[in-house]
There are 2 protein chains.
Amino acid sequence: MTDRKMTIREMCEAFDVTPRTLRFYEAKELLFPIREGQKRLFTKRDRARLKLILRGKRFGFSLEEIRQLLDLYYMDDSQETQLRKTYTLAEKHLAEMEAQRDELNEAIAELKEQMAWGAKRLEQLAPDRAAG
Amino acid sequence: MTDRKMTIREMCEAFDVTPRTLRFYEAKELLFPIREGQKRLFTKRDRARLKLILRGKRFGFSLEEIRQLLDLYYMDDSQETQLRKTYTLAEKHLAEMEAQRDELNEAIAELKEQMAWGAKRLEQLAPDRAAG
DNA sequence: CGTTACGTTTACGTTCACGTCATCTTTCCT
DNA sequence: AGGAAAGATGACGTGAACGTAAACGTAACG
């Protein structure tokens, strides 16, 4: 496997984050870059995790919640209880995400309706150049 | 219209927030309770706004972003430029929300797939009591 | 051989969204 | 009248998620 390890700068450019952020994530045990002497090197695994981290953030999950979810993706089957616990947690999150999606759809519909109103008002004010 | 004004306590129980939160939202100009002497009274309008505020938060919008969006729902048609500006802002947010929904659907699919894996592993460990 | 670029650690600063006192009126109840 | 309950106004505290500055190491470039 071509696992090109990346420096912190390369990571920053690839994912549009700062070095501080990556070190912070390491301190919080969300990433585990290997060390070459003093320097960090980010593996393919770190890149996959970071992608999931950033996505989780966009959905409003805290870093701690994300950390626990990452375990589902990257767990060694060592102990069952842990796996089972994580699985249950994932079920909870899945339910949350589906609920959030449904509410989001509702909100989108409402906002669209509201915007139709706004568009109508704009047309009345300036019939020549309609909104949109 | 039966606009039963509500005290801060009633609001707190109705929406499951603290008094501090409501005063904070007033300070940030998201709510505009009227005053009866010293005391705040929350109108139907405040309740509608609060509902939108709490929903916006669940979608990860900041209070400042929410404040601007609320203007679309509660603007007097006084000046066109303002209305047009807000409309444009709403279009941006709508696009964001739709993108977020799509990404959320993607993430849900991925998580489900990942959980199928976890379930399989759990079955191997304890075939009698399956996961789910 | 200096300096420029990239990296490190340590540590204090900052923003957001409130929580948590402390202190003071107002109001309602017995 | 007296006391709890509800509400108000500061003002300081807090946790999350970084920003930012200081001080240092080292490796390559001209």
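We name chains A, B, ... by the order of the sequence lines, and we start the count at 1 in each one.
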Atom-to-atom span, CD of A:E36 to P of C:dT8 - whole angstrom: 11 Å
A:T7 side, atom OG1; A:E13 side, atom CD - distance, nearest 0.5 Å: 8.0 Å
Touch class at under 4.0 angstrom, heavy-atom based, for A:R23 against every strand present: base
Contact nearer the 5' end of DNA chain C, comparing A:T7 with B:T18: A:T7
Donor-acceptor contact present, side-chain B:R47 to main-chain B:F42, <3.5 Å: yes
Interatomic distance where CZ belongs to A:R67 and C1' belongs to D:dA16 [whole Å]: 15 Å
Residue pair A:E64 / A:Q68, side-chain donor-acceptor N/O under 3.5 Å: yes
B:Y25 vs C:dA17: side-chain N/O to OP1/OP2 distance below 4.0 Å: no
Nearest-Å distance for atom pair CG/P, residues A:L22 and D:dA17: 15 Å
Distance, rounded to the nearest Å, where A:L31 contributes CG and D:dC18 contributes P: 11 Å
Selection from D:dA8, C:dG7, D:dC18 that lies nearest to any side-chain heavy atom of A:I8: C:dG7
Gap between atoms CZ and C1', on A:F24 and C:dT9 respectively (whole Å): 16 Å
B:R55/A:E110 ion pair, N-O < 4.0 Å: yes
Between C:dC16 (P) and B:I66 (CD1): distance, integer Å: 13 Å
Closest nucleotide among C:dT9, D:dA8, D:dC18 to the A:R40 side chain: C:dT9
Ion pair check, A:K112 and B:E98, cut-off under 4.0 Å: yes
Residue A:R9, side-chain heavy atoms: nucleotide from C:dG7, D:dG7, D:dC18 that is nearest: C:dG7
Distance, rounded to the nearest Å, where B:R20 contributes CZ and C:dC21 contributes C1': 12 Å
Close approaches to DNA chain D from residues 46-65 of chain B, in residue order (heavy atom, under 4.0 Å): none
A:L50 reachable from A:L41 in the ILVMFWY side-chain graph, under 4.5 Å edges: no
Protein-nucleotide distance (B:Q38, atom CD; D:dG10, atom C1'), rounded to Å: 13 Å
Residue of the set A:T18, A:L22, A:V17 for which side chain to side chain contact (heavy atoms under 4.5 Å, CB included) holds with A:R20: A:T18
Selected nucleotide, minimal atom distance to B:K39 side chain, candidates C:dT9, C:dT27, D:dC18: C:dT27
